[in-house]
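Here is how names work: the chains are called A, B, and so on, in the same order as the sequence lines, proteins then strands, and each is numbered from 1. Only a predicted model underlies this, so the values are computations on that prediction, with no experimental measurement involved.
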Amino acid sequence: MDLSFKEKEGKLIVSLKGDFDLHTAPGFKEAITKKINPQIRGLILNLDGIKFIDSSGLGAILVSYKKIKGLGGELGLLNVTPQVRRIFELSGMLKIINLYSSEKEALDNIFRG
Amino acid sequence: MDLSFKEKEGKLIVSLKGDFDLHTAPGFKEAITKKINPQIRGLILNLDGIKFIDSSGLGAILVSYKKIKGLGGELGLLNVTPQVRRIFELSGMLKIINLYSSEKEALDNIFRG
Amino acid sequence: MENKARLIVDSISENIGLCRVTVASFAAQLDFTLSELEELKVAISEAVSNSIIHGYKEESGKIEIEMGIFDGKLQIIVEDRGCGIEDIEEACQPTYTTEGRMGLGLVFIDSFMDEFKVESKLGEGTRLKMLKVPIQDKEIE
Amino acid sequence: MENKARLIVDSISENIGLCRVTVASFAAQLDFTLSELEELKVAISEAVSNSIIHGYKEESGKIEIEMGIFDGKLQIIVEDRGCGIEDIEEACQPTYTTEGRMGLGLVFIDSFMDEFKVESKLGEGTRLKMLKVPIQDKEIE
Ligand SMILES: Nc1ncnc2c1ncn2[C@@H]1O[C@H](COP(=O)(O)OP(=O)(O)O)[C@@H](O)[C@H]1O
Ligand SMILES: Nc1ncnc2c1ncn2[C@@H]1O[C@H](COP(=O)(O)OP(=O)(O)O)[C@@H](O)[C@H]1O
């Protein structure tokens, strides 16, 4: 899985590309831990490059959710493909995490405090 | 492998799509045998949909070459990808079979008798 | 048509993708939809991940995947010779996990496959037996 | 990193694509270029086709593919328990064939792999051992 990062309006946008599973989850968790700091109040994961995700990938996203919540921030998911969305639905995580369909929508709605 | 056929100017144009190997070669040979008749003097194989070819695929093309030659006709290959071209080169078949890069070029150059 | 294949891999996370790809390629001989093949991949991914993390606790070991096509049905068996599961019923509960994970692996397998059975013995290993039938063929029946 | 996997398939042409896909997916752990992976696929396809046509003469049998990564090198062994080859040197000659085929299979394997060895015994079977190293790593050496 490839990760790329950019910051906008104090929010960290991470684009993920590849397979998100037990093999790639540790690299994601490590990178997020390094990049997140108390200045960042919004984490936006762009998932349109994710070709595959399973419960290990979901688990890693949940970890990033807890991390940003712990700093008083919010997590949003961007460009979730139907296949990936289904896995999220089954997991119940959509009750706590919002989906957005454009970067602007995500930036406008996440942590406006 | 999927095959589709059309006739133009008395020539049979066959478009191949998929993997061309021991598994798919028999279907190709059978279809060519059915479709070729003494009225057809040119056989044009459009290979741009071929993702993979090995010596069994080459062998099947050689069979179709012999069949059309036996009827006094000619064989031409269309849109050969670099990967497939390399296999043809190694086999020495390019000494007897011509490559074309457009349907028009193939139609204009094959069996103008 | 009947067909069988078997894949045996070292128990390391590098091989999870390999297992998914191999099983999906084998399964493509039946008329599964793309979305069914995706479901199958998730099930395989969960099963193999479980063998790596829980079965072998990230120590070395072998994971065996048996693939079969019988009567138009796909049968997959994923087997490890790891620590085994003490209480299978409990393990299958949603969110039950012994490693601080999601506890959703077996739930996903159960929802994505048509039949699913766990056999396990403490100290001997775990064997997941799964069956999946293309939706097309289900409607004909 | 070391890694090993083994794929055992029924000797039917339906499984040739499966063998290619599995070996290419395993090999992708090394830094092979796309064109090197294509070469590898041709080699596997030829080896497995030979086992089906020549080794087992299209009768039933098992073909075993052993994949290994050692020292950044990919080692592949394709083995059948079919009829075996009488004269290995002759079999490796370009255009030599006993079945009215192209006689290019073993030639392709030899040109696409870095090392290639045939072991065979009449009545016992055939074992092709191949090695391939990513071009990148060759340049460093
Ligand atoms: N192959 C296995 N070997 C040993 N224990 C297992 C195996 N598979 C599952 N388990 C047990 O069942 C529990 C639930 O598994 P699962 O639903 O996949 O959730 P998770 O992997 O998130 O813990 C695991 O936490 C583990 O205790
Ligand atoms: N696995 C095998 N078992 C028995 N004979 C084999 C095997 N592989 C190759 N051979 C013999 O070697 C010959 C040359 O093989 P190859 O170069 O692949 O050409 P082809 O498959 O086109 O005949 C075959 O015709 C066959 O006689």
Item checked: Expected output: side-chain K35(A) to main-chain L12(A) donor-acceptor under 3.5 Å -> no
Margin query: Which atoms of S111(C) are under 4.5 Å from chain A, going by heavy atoms: the side chain, the backbone, both sets, or neither?
Written below: side chain
Next item on the list: Say whether K67(A) and T33(A), considering side chains only, have a donor N or O and an acceptor N or O under 3.5 Å apart.
Entry: yes
Next item on the list: Determine, for K69(A) against E74(A), whether the closest basic-nitrogen to carboxylate-oxygen distance falls under 4.0 angstrom.
Entry: no
Checklist line | Heavy-atom donor-acceptor pair, E105(A) side chain to S101(A) backbone, under 3.5 Å | finding: yes
Check: Going by atom types only, do S56(A) and R101(C) share a side-chain donor-acceptor pair under 3.5 Å?
Finding: yes
Checklist line | Residues of residues 51-72 of chain C contacting chain A, heavy-atom criterion under 4.5 Å, by residue number | finding: I52(C), I53(C)
Notebook entry, point to check: Quick one: do the S35(C) and Q83(A) side chains pair a donor with an acceptor below 3.5 Å?
Noted result: no
Next item on the list: Pick one of side chain, backbone, both or neither for I87(A), based on which atoms fall under 4.5 Å of a heavy atom in chain C.
Entry: both
Notebook entry, point to check: For chain A, which of K41(C), E39(C), E14(C) has the most heavy-atom pairs under 4.5 Å?
Noted result: E14(C)
Check: Measuring heavy-atom distances to chain C, does L62(A) have an atom under 4.5 Å in its side chain, in its backbone, in both, or in neither?
Finding: side chain
Checklist line | Aromatic centroids of F28(A) and F20(A) separated by under 6.0 Å | finding: yes
Check: Do K11(A) and E7(A) sit within salt-bridge range, that is, some charged N less than 4.0 Å from a carboxylate O?
Finding: no
